[in-house]
Every structure is written in structure tokens, then in C-alpha cells.
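A short worksheet on the structure shown next.
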Amino acid sequence: LARRNLTPGGIDMVVLASDGVANTGTTDADGILRLIDDGVAAGIDLLALGVDERGYNDDLMEQLSNRGNGTTYYLRSPQDAERLFVDELEQTLVVAARDSKVQLAFDADTVRRYRLIGYDNRAIADDDFRDDTVDAGEVGVGHEVTAIYELELVGGVDGRATIGTLQLRWEDPFEGRVREAARELTVSELEPDEATGFGTAVQAVTLAEVLRGSPYVDVSLDSLAAFDRWGTSAEATRAIQLAADALPTG
């Protein structure tokens with residue numbers, strides 16, 4: 001249907017709402033991914049909506065949206081669907097940047113060591129940063145992407161010291177041109193900012209570390225739920241409380 005109704009210069013997208021468990025038609029992952037590759041070649045993107053909390057295959061749904069130049073959302077309630085397709089319709093459907101890549105090169109004179117938390121399945125080789133044949137992520141209009149690093153700074157550095165250089169590279173979907181931007185980051189920019197929801201990011205990342213059994217964290221979910229600094233959100237706190245209630249103690 002999408003192929004027959006392609007709109008030159010328009011948005012052509014298949015919206016797939018599924019539990020990620022294929023049980024009709026083409027059911028093997030490789031076959032489904034080939035179908036998506038063919039669609040992308042024709043100019044059709046894929047938006048994946050996860051449903052069914054009892055047997056949701058998030059790994060397959062993420063693979064599908066990655067190959068389909070789209071995004072994966074999990075719908076927990078009718079309110080989530082209303083937010084995506086009413087309140088944030090433009091952000092949901094319109095891609096602002098294709099094959100977006102981020103590279104952060106730390107200054108060894110300022111940063112003693114660092115750790116990227118998460119993004120395990122998003123990493124690309126340093127040499128691929130400017131290789132535009134390497135597939136990367138799409139960013140929607142008005143969307144924000146958060147990457148979390150744990151840093152240990154060299155002793156005695158002041159706020160003017162350079163942490164490193166942040167580089168961005170992406171394709172402008174409206175002009176078809178690849179663009180690149182870069183700027184240096186300083187220690188003074190590490191100051192937590194409540195307006196950016198820094199506290200919520202801390203809660204979310206710490207929860208993920210606890211759930212995956214990371215050796216780098218030693219905190220209880222109850223104390224994490226009580227954490228209230230730098231703009232924490234009620235939604236993040238509720239998620240932590242749900243996890244605390246669901247997980248066995250000890």
C-alpha cells in the first residue's frame with residue numbers, strides 16, 4: 001500500500017503496532033528485515049509501536065525501526081498513543097536529521113578516565129564517523145537525545161579547562177546534504193542544571209544500572225525513588241517504585 005501511494009517530497013511511513021512476535025506471513029527476522037530494507041530503498045520509513053506488556057519482544061521491534069530509519073515507542077496506555085499522534089504528531093512523523101552520529105573526544109589533560117553508560121548497541125567505530133555509508137540513527141523534529149558519561153577529572157582543573165570536543169554529523173533530509181558541527185566543552189558546563197531534567201536522567205540511568213546488575217552502582221531502589229535533586233520527575237519516581245515493588249528483596 002505504501003509503495004502504491006508514494007508521495008514525492010512527502011512523508012511515506014509505515015506505522016507498525018505489534019508485540020514483536022511475528023506469527024503470520026513472513027515470520028523470520030531476516031525475512032522481515034529484508035522487506036524493510038526494500039521499503040527504505042523506495043523511500044518508506046518505519047515507525048514501530050510496542051504493545052502487549054505480557055510478551056513484548058523489544059529487541060526485534062528495535063531492530064525493525066533501526067533498519068526502517070524510524071523510532072521505537074512503547075505504548076503503555078491510550079494516553080501514550082494520544083501524546084504521540086495528537087500532542088506530538090509532527091515530532092513523531094517528521095525526521096529532522098538522518099544518520100545522526102555523535103563523537104566525543106576527551107582531553108587527557110582534564111579527564112583521567114570516563115565510561116559511557118548504555119548505548120551498547122549504538123556504538124560505531126571511530127573511523128566510521130565520516131563514512132556516510134554506515135547506518136546511524138534518525139532524530140525527529142523537536143526530539144532530544146541524551147548520552148550519559150561517568151567522568152573522573154584530573155585533580156586541580158578549573159572551570160575553564162576543556163573536557164574535549166563534541167562533533168555531530170547528520171544528513172539534512174530536506175536538502176539531502178550531509179552537515180557537520182563541532183564545539184569544545186568545558187568543565188564549567190558540567191554543573192547540573194534543573195531545567196534540563198538532569199535529576200531525572202540520573203534516576204533513569206541509575207535504575208537501568210541496578211536492573212542490569214552493574215558493578216558500578218551500590219544503591220537501593222527505595223533510596224533512588226526518594227532522590228530529589230536537579231529536576232527529578234514524578235514519572236521517573238513512579239517507575240522506580242514499581243521496579244522496587246516487583247523485584248525480590250535481598
Would a 4.5 Å heavy-atom cut-off, applied to side chains only, mark [X] and [Y] as touching?
X    : Y    : result
R169 : V178 : yes
Y216 : I117 : no
L64  : L33  : yes
L190 : L153 : yes
V14  : I44  : yes
R67  : V40  : no
V154 : T110 : no
L185 : F106 : no

To the nearest 0.5 Å, how far apart are [atom1] in [X] and [atom2] in [Y]?
X    : Y    : atom1 : atom2 : result
L84  : L75  : CG    : CG    : 6.0 Å
I163 : Y114 : CD1   : OH    : 13.5 Å
D19  : M61  : CG    : CE    : 8.0 Å
T206 : D218 : OG1   : CG    : 12.0 Å
L6   : L1   : CG    : CG    : 11.0 Å
R177 : E171 : CZ    : CD    : 11.5 Å

Under 3.5 Å, is there a donor-acceptor pair between the side chain of [X] and the main chain of [Y]?
X    : Y    : answer
E138 : D99  : yes
T71  : V139 : no
E62  : D59  : no
T92  : E88  : yes

Of all heavy-atom pairs between [X] and [Y], which one has the smallest distance, and what is that distance?
X    : Y    : answer
G39  : R3   : N-NH2, 3.9 Å
A48  : S65  : CB-CB, 4.0 Å
Q91  : V141 : CG-O, 2.6 Å
D222 : A244 : OD1-CB, 3.9 Å
F227 : G199 : CE2-O, 4.0 Å
L221 : A243 : CD1-C, 3.9 Å

Charged N-O contact under 4.0 Å between [X] and [Y]:
X    : Y    : result
D172 : R179 : yes
D45  : R98  : yes
K101 : D128 : no
D80  : R76  : yes

Have [X] and [Y] got a donor and an acceptor in their side chains that come within less than 3.5 Å?
X    : Y    : answer
S233 : E235 : no
T133 : D131 : yes
Q241 : D245 : no

Please tell me whether [X] and [Y] are part of a single hydrophobic cluster in this structure, the criterion being side-chain heavy atoms less than 4.5 Å apart.
X    : Y    : result
V217 : L207 : yes
L60  : L16  : yes
V95  : V15  : no
V157 : L104 : yes
V145 : V134 : no

Centre of Y149's six-membered ring, under 6.0 Å away, within 45 degrees of the axis: is that where NZ or CZ of R115 sits? no
Mark yes when over 12 heavy atoms from residues, nucleotides or ligands other than [X] sit less than 6.0 Å from its [atom1]; otherwise mark no.
X    : atom1 : value
Y74  : OH    : yes
E90  : CD    : no
D127 : CG    : no

Under the side-chain contact (heavy atoms from CB on, under 4.5 Å) rule, what do T165 and R183 come out as? Steps first, then yes or no, please. CA-CA 6 Å; T165 301; R183 80 173 181 91; over 6 Å; no
Under the side-chain contact (heavy atoms from CB on, under 4.5 Å) criterion, do M13 and L93 qualify, and how do the steps go? CA-CA 8 Å; M13 178 177 290; L93 298 182; 3.7 Å; yes
Verdict with supporting geometry, E180 and L168, side-chain contact (heavy atoms from CB on, under 4.5 Å): CA-CA 6 Å; E180 189 170 321; L168 307 176; over 6 Å; no
